Each structure stands twice: as C-alpha cells, then as structure tokens.
Amino acid sequence: MKVIRADKCGFCFGVRRAIETAVEQCTGKGPVYSLGPIIHNPQVIERLHGSGLEVVEDPEEVPSGCTVVIRSHGAPSAVIESLRSRGVRVVDATCPLVKRAQERARELARGGYEVVIVGQEAHPEVKAILADVGRATVIEDRAPESLRAAKRVGVISQTTQTRGTFRHIVAELIEFDFDELRVFNTICSATMDRQQATLELASRVEVMFVLGGRNSANTERLAQICAASGVPTHHLETAAELRPEMTAGRTAAGVTAGASTPDWIIDEFVKTLEAL
C-alpha cells in the first residue's frame with residue numbers, strides 16, 4: 001500500500017513556540033504550572049509533565065511565588081492580572097495569531113459593535129475572548145435570527161475555523177442588512193495551509209488518517225474536511241489505535257495531522273502503516 005504524507009501537517013509556529021517556552025521554564029528551580037493544557041495533545045502534555053509541568057484549571061491552584069505558563073489558546077486578561085497581583089510569575093505562551101484575534105475582538109467591543117465570533121463556545125480560545133469583551137454572540141454553524149436586531153456588527157473567527165464555515169456565516173450575516181458589518185478574517189494561515197493540503201491529498205487516496213488529540217479543534221476540522229470529501233476517514237491519536245481492517249482493500253492511504261501533533265507521532269504512525 002502506498003502511504004502519502006500531507007505536505008503541510010503537524011506542529012505550527014504557535015504550538016512549537018508554546019512548547020519550547022514551557023520546556024525552557026521547566027529547566028529552572030521550583031514548580032512550574034500551566035493554566036490548562038499548553039496544547040491539545042495528550043501525548044505531548046504527558047511528556048511535559050515528565051519534565052515538571054503541572055496542569056491546573058483553576059488559577060487559584062497556582063501558589064504565590066511560582067511560575068505559570070499561559071497556554072497557546074490564551075487566557076482572559078483579568079485572570080492574568082489576578083495571577084500577577086498574587087505574586088505569580090506569568091509567562092505568556094499565547095499564540096501571536098490568537099492574540100491578534102483577541103485584540104480585534106476588543107477593538108470591536110470598544111467601538112460599540114455587536115461582537116460575533118465564528119467558532120466553538122466551549123473552546124478555551126473563544127472563552128478567553130468572551131471573558132475579555134464581556135458580551136458576544138458565538139456562531140458555530142448558523143447565524144441566529146436574534147442578531148437581526150443589531151445595527152453595527154463586527155465579526156472575527158476562532159483561529160482554527162475552516163474557511164468554508166467562516167465564509168458561509170459571513171454570507172448569511174450580509175443578508176441580515178445591518179447598518180454596518182465589519183469582518184476580520186482571523187483564521188490562522190497555518191490552519192488554512194493544513195486544510196488545503198489535506199483536501200488536496202484526500203482527493204488522491206482511498207483512505208485518510210488524521211492524527212491528533214480528540215480535544216483538538218483544528219484536528220477535528222481536518223477530519224471533517226476529509227469525511228466531507230467522501231473518502232473513508234479515521235481520526236486517531238497514535239499508531240496504537242491503527243487496525244488492519246482500516247486499510248483492507250486499499251492501495252493508497254493519506255496521512256495528515258493537526259497543528260498540535262508532533263513529528264514523532266506522525267513518523268511512528270507512517271512506519272506502522274507501511275508495515276501492515
């Protein structure tokens with residue numbers, strides 16, 4: 001069976017930067033914490049834990065005088081300031097492109113716009129933005145009719161959103177005839193590159209494997225793109241989940257991975273797949 005790896009897959013700049021930041025902090029003395037998982041990949045988080053990084057969900061769990069690393073998805077400004085006020089050393093590993101989306105949302109809120117976020121309300125990136133702007137409408141797939149009452153609307157996107165979903169929702173909002181509609185495309189360029197490479201590869205193979213954490217939004221988007229193209233698709237975290245029946249009768253398989261999936265997981269999976 002021929003195994004083809006997507007041209008663009010695996011770690012993006014923001015994820016690599018966050019991990020390197022966390023590892024650098026763990027080389028010093030004293031405990032180091034992260035406010036939520038640094039990235040959405042269980043295997044990487046396990047390795048970081050072995051290096052001395054403790055994941056906490058509640059900022060109050062971080063003792064005064066210790067170091068906390070803000071994950072790549074960011075955190076509410078109020079939470080960061082509260083940590084600093086308690087004497088906690090804050091190291092910000094928020095992805096620069098996530099920071100850009102945060103600033104766009106704050107800019108729109110300050111300008112009096114009804115803020116709309118195209119994304120998942122439960123995702124930490126979106127939750128941080130919601131906390132900062134105070135009030136916003138989050139849209140996952142369809143614009144709510146309640147928005148028609150707004151006059152001035154400003155739109156941003158979760159950085160891991162698909163271009164197709166973002167365009168579809170913006171097109172819906174245009175039909176609402178607001179007095180003013182301001183749109184910022186804050187989808188990460190690395191996300192778009194990976195989605196395009198994945199779609200292109202899916203058209204050339206008989207089965208697709210998407211590697212990455214099941215809690216990873218951008219990995220889930222890749223799996224959705226593959227499935228929507230009509231090719232049989234399997235979202236797996238590691239080679240341990242691979243089963244021979246997944247490739248039965250196939251002559252060409254494609255492999256892609258989310259932006260939080262390390263090369264060592266991809267390499268191991270490809271070798272295992274080739275050995276079937």
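Remember, it's a predicted structure, so these values are computed and weren't measured experimentally.
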Legend entry - Member of Arg135, Arg148, Arg182, Lys151 meeting the salt bridge (Lys or Arg N to Asp or Glu O under 4.0 Å) criterion with Glu114: Arg135
Legend entry - Phe166 with Leu147, same ILVMFWY side-chain cluster at under 4.5 Å: yes
Inset, instruction - Show your working on salt bridge (charged side-chain N to carboxylate O under 4.0 Å, His left out) between Glu206 and Arg250 and close with a plain yes or no. - result: CA-CA 6 Å; Glu206 296 170 303; Arg250 315 294 185 188; 5.9 Å; no
Inset, instruction - Please check if the side chain of Ser64 supplies one atom and the backbone of Val88 the other of a donor-acceptor pair under 3.5 Å. - result: no
Inset, instruction - Flag yes if Tyr33 and Ile38 sit in one hydrophobic cluster, no otherwise; membership is Ile, Leu, Val, Met, Phe, Trp, Tyr, and two members link when side-chain heavy atoms are under 4.5 Å apart. - result: no
Inset, instruction - Output yes when a side-chain donor or acceptor of Ser157 lies under 3.5 Å from a complementary backbone atom of Thr159, and no otherwise. - result: no
Inset, instruction - Could you tell me whether Arg106 and Asp132 make a salt bridge, using a distance below 4.0 angstrom between a side-chain N and a carboxylate O? - result: yes
Inset, instruction - Say whether, by atom type as modelled, one donor and one acceptor occur between the side chain of Gln158 and the main chain of Gln120 under 3.5 angstrom. - result: yes
Legend entry - Heavy-atom pair with the smallest gap, counting every atom of Thr261 and Gly212: OG1-CA, 3.2 Å
Inset, instruction - May I ask you to decide whether Glu20 forms a salt bridge with Arg17, counting only side-chain N to carboxylate O separations under 4.0 Å? - result: no
Legend entry - Pair Glu103 + Arg110, salt bridge at N-O below 4.0 Å: yes
Legend entry - The single option from Val3, Leu242, Thr233 passing side chain to side chain contact (heavy atoms under 4.5 Å, CB included) against Phe209: Leu242
Inset, instruction - Decide whether a cation-pi geometry holds between Arg16 and Phe11; the criteria are a distance under 6.0 Å from NZ or CZ to the six-membered ring centre and an angle within 45° of the ring axis. - result: no
Legend entry - Criterion salt bridge (charged side-chain N to carboxylate O under 4.0 Å, His left out) on Arg214 and Glu241, from CA distance to verdict: CA-CA 13 Å; Arg214 289 189 173 81; Glu241 299 174 358; 2.8 Å; yes
Legend entry - Student check: side-chain heavy atoms of Val153 and Phe176 closer than 4.5 Å: no
Legend entry - Greater than 12 external heavy atoms within 6.0 Å of Glu57's CD: yes
Legend entry - Any side-chain heavy-atom pair of Phe269 and Leu236 under 4.5 Å: yes
Inset, instruction - Would you mind reporting whether Asn215 and Pro42 have side-chain heavy atoms less than 4.5 Å apart? - result: yes
Inset, instruction - Report whether Val69 and Ile39 are members of the same hydrophobic cluster (ILVMFWY, side-chain heavy atoms less than 4.5 Å apart, transitive linking). - result: yes
Legend entry - Contact summary for Leu173 and Ala143, nearest pair of heavy atoms: CD2-CB, 3.8 Å
Legend entry - Linked, directly or transitively: Val210 and Met246 (ILVMFWY side chains, under 4.5 Å): no
Legend entry - Residue pair Val98 / Ser72: nearest heavy atoms and the distance that separates them: CG2-O, 3.8 Å
Inset, instruction - Answer yes or no: is there a donor N or O on one side and an acceptor on the other, between the side chain of Ser82 and the main chain of Val79, under 3.5 Å? - result: no
Inset, instruction - Specify the closest pair of heavy atoms between Ala257 and Leu222, including all atoms of both residues, with the distance to one decimal. - result: O-CD1, 3.5 Å
Inset, instruction - Determine whether Phe178 and Ile169 fall in the same hydrophobic cluster, where Ile, Leu, Val, Met, Phe, Trp and Tyr are linked whenever their side-chain heavy atoms lie under 4.5 Å apart. - result: yes
Inset, instruction - May I ask you to check whether over 12 heavy atoms, not counting those of Glu121, lie within 6.0 Å of atom CD? - result: no
